[in-house]
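Have a look at the structure below, then the notes.
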Amino acid sequence: MTSVAAFRNVSKRYGEITAARNLNLDVASGEFLSFLGPSGCGKTTSLRMIAGFEQPSEGEVFLEGICVNDVPAYSRPVNMVFQHYALFPHLNVESNVAYGLKQRSPKPPTGEIHNRVHEMLELVQLTGYSLRQTWELSGGQQQRVALARALINKPKVLLLDEPLAALDRKLRREMQIELQNLQRNVGITFILVTHDQEEALSMSDRVCIMREGEIAQVGSPLDLYDRPRNQYVADFVGKSNFFYGVIEQVRTWKVDIRLDCGIPVVLNSSRSFNSHKNGDKICISVRPEQLVLARDESNIPEDSAIKSTARIMNRIFLGEQIEYLLCDERLGEFLALSSRHNELNEKPFETNEVVFVAWSRDATLILDDDERDKPNVS
Amino acid sequence: MAALLAPTTLWFLVMLIMPLIVILIFSFGERAAVGGYGGGFTFEQYANLPARLKAFQNTLTYAPLGTLLSLLVAYPLAYFLALKVDRRFKLVLLVLVIVPFWTSLLIRTYAWIYILGGRGIPTILEWIGIEGVRLINTPTAVLIGIVYGYLPLMVFPVYVSLEKLDKSLLEASNDLGGNSFKTFLQITLPLSMPGIATGCMLVFILLMGEFLIPAFLGGGKVFFIGNAMVDLFLQSRNWPFGSAVAATLVVIMLITVSIYMRLAMRNKTGADQSLM
Amino acid sequence: MSKNSDKQITSKQFMRQLWRYKRGSISRREFLGVTGLGMATAVMGAAIPSLLPQKSWASTDLGDRLVFSTWPNYWNQANLDEFTANTGVNIQVNAFGSNEEMLAKLQAGGTGWDVFVPTNYTISNYVELGLIQELDLSRIPNYDASANNPKFAGPATVNGKVYCVPKNWGTTGFIINSNKITSGPKSWKDFFEVTKGEGSGHTIVHDYQLTTIGAALCALGYSFNSIDPNELAEAEAVLIESKPHLFAITSDYQPGMRSGDAWMSICWNGDATQLHNDLPEMQYVIASDGGEIWTDFYAIPAEAPHLDAAYAFLNYMQDPAVQARDAEAHGYAPTDARAIALQPASLATDPILHPAEELMNGLEFGAAQTLTDPNRAELIARFKSA
């Protein structure tokens, strides 16, 4: 087993409430993995089970191949950066950072502790701050102290519980980059909990998307974006247009679908992760940038999955790109994203203009219809 | 600004300064023939202070000792209430801590006369073969009474400081390799210092003037300076001497409290953080 | 209130017990017994309304309250209830531990007392200090001077004016638990010897000057009332020497005697009756070398706020039947021959309450000078804090 941390059929219940259900996950050594999901999805519980603050109700937690269910938090080779840093207010920066070393028995010699603390402060670029009180520091500096404190014991896994949530947007961007660099420098496995998808997608090697205590999908950011396994992931990662329908006929390579609005669609069956049978209610998903808009019908590719017309209801300039909100009697409202300088070199569409809309078979995913109640634009 | 401060100033004047001035004036006077204050100016009352040396000694021994014992009993209770008890039962248990305060200390202390008296604990001890134990009217009985009577005063400040302690600090310590014991010594205890200081101060100051518990559980044999004052004002009617004793007590209290404050301020680093 | 129905005490009863208890000392046993565990619920029930005065329906308006200061365990609640029922005057009872304490309160002023119970030796001092008022005996028709032995009633008259009416009389000796103290002490001299001997650690002396200093003086062969500095110095030495052997210094000696912690105590004869009736091994001794004989009186403070109620109360309490009921409750002998005539023969001839004349030969009434003497006051305070 090469994984540094792993869940095997792990569930966590608090009375009636199930915070985590049947989790199975392997975290590879040196990996940067994020738990992503809305609040209450079980991501923090999962992190705390690795740290040892929570014990699984069922299943096993492994660290370096050893089941640690019965190992108390203070003996686990992992360390944590807390959401609000949890710096000890009665200790200065140096003592905070040294805390982990001082808990070891035998306690390392004073000189060694001192050197290691300074190494750590240098690593997080806080050289010279060792005698400051933690409450004199800015949020970003406190964040670095928390990092230095958590790294001084050279943990096998560093756990980060929404470490950037308390920072302002600009500082957060900087810290994201720093965290990534830091992770590469120290070579320690990072497990990050966040509800910010941009943060998760930009920093992580892999993202574990959680939903109501279950893992919805684990994969690289690209994977999750291009090949979401279900509507929840497609919805959570990036924007998607969803259209609902029923499978009419499953053929060898193709699937015939009739949308609820009556439009028939033929899609490649390779674009479905789950095997479907005739009559299944499904949902098809198309990313806004995969929609093709055109003033001239001839510019619409022949083998499109769908072809229609729609009225431009609204448009938003996003710099290089323009986001359009379109509306069609049958398809309802949906989003499209097009480059200002597409190959057709057409001028941007105007509001109220009626345009041709299409998308390719390969761009369309067939997903389980598990979110029908939710709006189809996210 | 002056107008805003006026009520405060008045309050201090009426509630604090005036009685002190009256006591000071009395303390330099002479006892009237039938008792009370008889005017005059003399240092005789202060010269007579050594007659109450034992009472001062007792107070200065048992007040700090009683404070320490109260803390030792109250801390685990406060710790348990603040950190271990399910939120649902917290309020109930807290109320239970205060409930005894709803009845007079006199009544509660009187119950202890029976518990510590010959037919109470000594009888139970005899059953298990320990004979000849005398509790009532001993310093031990007084200390038990003090711990019992002052427990809520100590529990509450400590409880508050532990309750508002950020629990993630305990997890952080745990996470960094500190077991429960180390975490308690290095995190919980230092951060609950403000509560400890407040509780000790409250109990100590009140103990310096205590007279009821020593009178009841000490049988008049463990005599505090408070008892000496009660005697001087209510029996001997020697107001000037009583005032001199009171003034001396105030001075002793100011000195001990300021020494204590200085010691407490020394490790204020975290203290004033968690005081906020 | 029927005796059978008060398993569950009413909040009113509770508050009354509580007041008695808060003010006083000796009736704690009674307090705990009467109120028991019902007290918390009783207090939370209807305690407050019971504090409000009842509407008066008496023909003459006496007001709605009276503040009565007396000794612990020294009144019959039934009498007070009857008075309240007939007049609408609610009585607040304060119980005190010593005359010195009462004097201190009255000297400090603002007591709000309407009637209080001073002992013989304090009255001339109160008169001198203007703290009590001359009585208008025409407003106390129930008082019959001729029924009272002048020996007991005498101190009520100061400078030819009557300031109080007598209540009860008694003696101050000591009580021993004869199961524990077997040497049969007969005098104060014996008392202090036993204190250092077989009674060591089990003796109680009072916590105020008159009886404790008086006992030590008697043991030395001096007058109970001495204020001679040299004699007092000797008495102090006796007391200080005995202090390590004392169980307690308190006037609240019944609990200690009853629990078996204390074996010997300075004692008033009425308390002795109470103890002896419950525990026959409790034996009262009138010391052969002296001691106190005393009379308690009803008096009205100069500043009594409810004067009409005070006179009505005094008159009511002088009714022979009321006096007899009063004595029934606390055991002390009335001074009034009419009341004694109404008592059961067993009480009227009780040797503790009515000792033979020759036993009382050595007893002295407390002297006024003891109350004001600064040396006696300081001696007792010094002894207690030693």
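Computed from heavy atoms alone, side chains included, the values below leave out hydrogens, waters and symmetry copies.
Rounding to the nearest 0.5 Å places CZ of B/Phe223 at 7.0 Å from NZ of C/Lys243. One finds the OH atom of C/Tyr208 at 15.5 Å from the CG atom of B/Leu234 (value rounded to the nearest 0.5 Å). Within the model, atoms CZ of C/Phe247 and OG1 of B/Thr138 stand 9.5 Å from one another, a figure rounded to the nearest 0.5 Å. In this structure, OH in B/Tyr114 is found 8.5 Å from CZ in C/Arg258, a value given to the nearest 0.5 Å. Distance check, rounded to the nearest 0.5 Å: CZ of C/Arg382 to CG of B/Asp231 gives 12.5 Å. Between the CD atom in C/Gln209 and the OG atom in B/Ser236 there is a gap of 9.0 Å [rounded to 0.5 Å].
Looking at B/Lys54 and C/Ser385, their side chains never come closer than 4.5 Å, going by heavy atoms from C-beta outward.
Applying the 6.0 Å contact sphere to CZ of B/Phe211 captures no more than 12 heavy atoms from other residues, nucleotides or ligands. Within a 6.0 Å radius of CG in C/Asn159, no more than 12 heavy atoms belonging to other residues, nucleotides or ligands are found. The 12-atom threshold is not exceeded at CD of C/Glu303, counting heavy atoms of other residues, nucleotides or ligands nearer than 6.0 Å. Taking a 6.0 Å sphere around CZ of B/Phe101, one finds it holds more than 12 heavy atoms contributed by other residues, nucleotides or ligands.
Using a 4.5 Å cut-off between heavy atoms, C/Ala381 contacts chain B through both its backbone and its side chain. Contacts of B/Phe233 with chain C are made by backbone atoms alone, with heavy-atom separations under 4.5 Å and no side-chain atom involved. When heavy atoms are compared at a cutoff of 4.5 Å, B/Leu232 approaches chain C solely by way of its side chain, counted from C-beta outward. With a 4.5 angstrom heavy-atom cutoff, B/Asn48 touches chain C only via side-chain atoms. For C/Ala262, no part lies under 4.5 angstrom from a heavy atom of chain B. In this structure, the portions of C/Leu103 lying under 4.5 Å from any heavy atom of chain B include both its backbone and its side chain.
Between chain B and the residues C/Arg376, C/Met102, C/Gln107, C/Lys105, the largest count of heavy-atom pairs under 4.5 Å involves C/Gln107. Chain B forms the most heavy-atom pairs under 4.5 Å with one residue out of C/Ala377, C/Ala104, C/Gly201, C/Ser259, and that residue is C/Ser259. Most heavy-atom pairs under 4.5 Å with chain B, from the set C/Ile204, C/Leu246, C/Asp207: that is C/Leu246.
Judged purely by distance below 3.5 Å, without hydrogens or angles, the side chains of C/Asp252 and B/Tyr110 pair a donor atom with an acceptor atom.
Identified by a heavy-atom distance below 4.5 Å to chain B, the contributing residues of residues 121-131 of chain C are C/Asn125, C/Leu129, in residue-number order.
Just one residue in the list B/Asn137, B/Leu135, B/Ile136 forms a side chain to side chain contact (heavy atoms under 4.5 Å, CB included) with C/Asp261, and that residue is B/Ile136.
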Criterion side-chain hydrogen bond (donor to acceptor under 3.5 Å, both in side chains) on B/Gln235 and C/Ser98, from CA distance to verdict: CA-CA 8 Å; B/Gln235 299 269 354; C/Ser98 72; 3.0 Å; yes
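In summary, C/Glu378 and B/Arg237 do not engage in a salt bridge, as defined by a charged side-chain N under 4.0 Å from a carboxylate O.
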